[in-house]
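Shown next, in structure tokens, is the structure this report addresses.
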Amino acid sequence: MTQIELRGVQKWFGAVQVIKDLNLTIADNEFIVLLGQSGCGKTTTLRAVAGLETIDEGDILIDGKPVQHLKASDRDIAMVFQSFSLYPHMSVYENIAFPLRATRISKAQVDAAVREIARVLRITDLLAKKPSALSGGDMQRVAIGRALVRRPKAMLMDEPIGALDAKLREEMRAEIKRLHVKQGSTTIYVTHDQIEAMSLADRIVIMHEGVLQQVGTPEEVYRQPANLFVAQFVGSPVMNVADTTVSEQAGQVSVAVGGAEKGFAFPGELLARLNGHAGGGLKLGIRPEGVLVAREATDGFLPVEAQIIEPLGSFDIVDLKVGGEVLRARTKSGFVARAGEKVFARVDPAQAHFFDTASGKSLGVAL
Amino acid sequence: MATAVISTLDPKSRAAARGMSDIAIRNLFIVPTILFLIVFNIFPLLYSLGYSFTDFRASTNAPANFVGLQNYRELLNDPYIWNNFVVTAKYVIVSVVGQVIVGFGTAMLLNRDIPFKGLITTLLLLPMMLSMAVVGLFWKLLYDPSWGVINWALGLGKFQWLGDPDMALYAVAITDIWMWAPFVMLLSLAGLSAVPKHLYEAAAIDRAGPLYTFFRITLPLVAPILMIAIIFRTMEAFKTFDLAYVLSTQPSTEVISIRLYKMAFQEWQTGRSCALAYIVLIMVLAITNIYVKYLNKVKER
């Protein structure tokens, strides 16, 4: 039963402010993922919660008690490091037993706890080995075992699978999810990989340059990005963002991209929702699956030219030239036969996002 | 293409113009060194082995007579020689343990972010760079009972550091510790800074206290390099001569190398002293071997 709360946390490294007024409440048993580019302050935030880094202002509360002045060892929090940080001179057994032995628990209890966690992680046959003899995935399992063995108040994970290869990463991702469901503990997980974040998180916290950008479930963050940064950081392939002008002609609202003469048809209520932003300084954001492509001229579809086709197996990404801009569309594989072909495209209004160019904030238009 | 391994001489070089091959140049560098080694190290080593089985005296013209193992037998049955060994062992233990404690302790203190760390480290290394004989003369003055700085600073009155037969050996050991603890410090510092910081962080997260962290993380990880320092210092302490010779004439500080020196160059028992030298050599080799075995075990991970 652990709740973690950050209140107005500020942190400077010399003249550089790495965490700017961070407020966040993490509920018991919640799996929170801190997502952001390297250098955005997410790891510093995690280390501050762990007690490996001091903060300059604000409070960190665990179960309502301020802990920012406590040493790491007094916070009862476990952490899995990106580099695993296994003790190289100890066997797997000793590594997992270390946090228990450090606090003088009886031998029998230690042994029972280590064997239980090894069984859960399926590393029982590795217990006698030294870390140097393990594969990356097994090292990670041991590191997680060492963190879980003493049933900490909370688990912190700093890019725990960032150092593994792609296939293993996928495997371990599923494993971490399985463990969280099974063991259940408040978890903060740091990553720069948005797929990892989407697949693991109960809620995602997106940070950029020390500032919290958005907190929400994976669904919310994907469907309703709060600003341009979130919109372009979450989702793969990346969301199309283009300067746009909205105009009305004969009751027909059209959204033109990249200075093109003809715009995409949108429902009339758009104008009212834009609240006077229609004039200029507006950006359209549309995910590749929101760009619909047809081979023949269809009502509402504009003629465009396919410039590049990236076949990705289960689907293709097609670059469409619209005015001076390029929109990337997601199509069935082989839908557009070759580059240079003329096709027809439309923007799905239900999936369109509008952003204020100056502030980058979403206007919250959902049609 | 076996010849490809040997780098060949650039055909345009000046050496090639003089008609030298790369093998000739190789020999030019290696042969003098080998000759030097043979003349000054290997030949005396073997020759003295021969002498150790004779009653040869370098001070007379009498021919050397082969006496078999008599020298060895007599030396190993001589209680005075055994006393020299006991003195040496005491000296080695006190001095090496002292150096490890002082050196490793200093290294622990230095292994953090402090201002002027480089300068402090360099200054601490100075004793090591002095000549043994000079250090001996210095410390003789420092230890002086009537006006030595040590008695004055510690308020010990006229305490006889070097005159007291029980204290003299420890006084020599203290000097040796002062001189060589920096060496242990230097190696320990290298070992300590090689321990990854994230292991300490992991230990802190795992709720290990400072003592537990030291004995379970720091010490085991520094152990291999610390062992190397201990091997070096043990070997050196075992054959200490100049420091003890300069500082004190007490029988209680007569370590084995001083006994050897007296036997060889004051009593001129050349054959017997050769035998003693071989006994010492075998002992040092044996001790070093034990250490190296242990070192390899520690390094096995």
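By convention in this document, chain letters (A, B, ...) are assigned in the order of the sequence lines, proteins followed by strands, and residues within each chain are numbered from 1.
Taking a 6.0 Å sphere around CZ of B:Phe214, one finds it holds more than 12 heavy atoms contributed by other residues, nucleotides or ligands. The number of heavy atoms from other shown groups lying within 6.0 Å of OH (B:Tyr200) is above 12. Annotation for B:Tyr170: atom OH does not count as buried by contact number, only 12 or fewer foreign heavy atoms lying within 6.0 Å. For A:Arg178, the CZ atom counts as densely surrounded, since its 6.0 Å shell holds more than 12 non-hydrogen atoms of other residues, nucleotides or ligands. Residue B:Lys90 places its NZ atom among 12 or fewer non-hydrogen atoms of other residues, nucleotides or ligands, all under 6.0 Å distant.
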Test side chain to side chain contact (heavy atoms under 4.5 Å, CB included) on A:Phe98 and B:Ile217 and set out the steps.
CA-CA 10 Å; A:Phe98 188 91; B:Ile217 310 274; 3.8 Å; yes
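Here the closest heavy-atom approach between residue B:Ile205 and residue A:Arg150 is recorded as O-NH2, 2.7 Å. The nearest pair of heavy atoms linking B:Leu199 to A:Ser85 is CD2-O, 3.7 Å. Between B:Ala202 and A:Arg146 the shortest heavy-atom distance is CB-NH2, 3.7 Å.
A donor-acceptor pair is defined here as one N or O able to donate and one able to accept, closer than 3.5 Å; such a pair exists between the side chain of A:His89 and the backbone of B:Arg216. Counting only distance, with no hydrogens or angles, the side chain of B:Tyr212 and the backbone of A:Thr103 share no donor-acceptor pair below 3.5 Å.
Between B:Asp206 and A:Tyr87 the shortest side-chain heavy-atom distance falls below 4.5 Å. Side chains of B:Glu201 and A:Arg47 form a contact here, defined as non-hydrogen atoms less than 4.5 Å apart.
Ranked by non-hydrogen atom pairs under 4.5 Å with chain B, the options A:Arg75, A:Lys71, A:Arg101 are led by A:Arg101.
Only the backbone of A:Leu86 has a heavy atom closer than 4.5 Å to any heavy atom of chain B.
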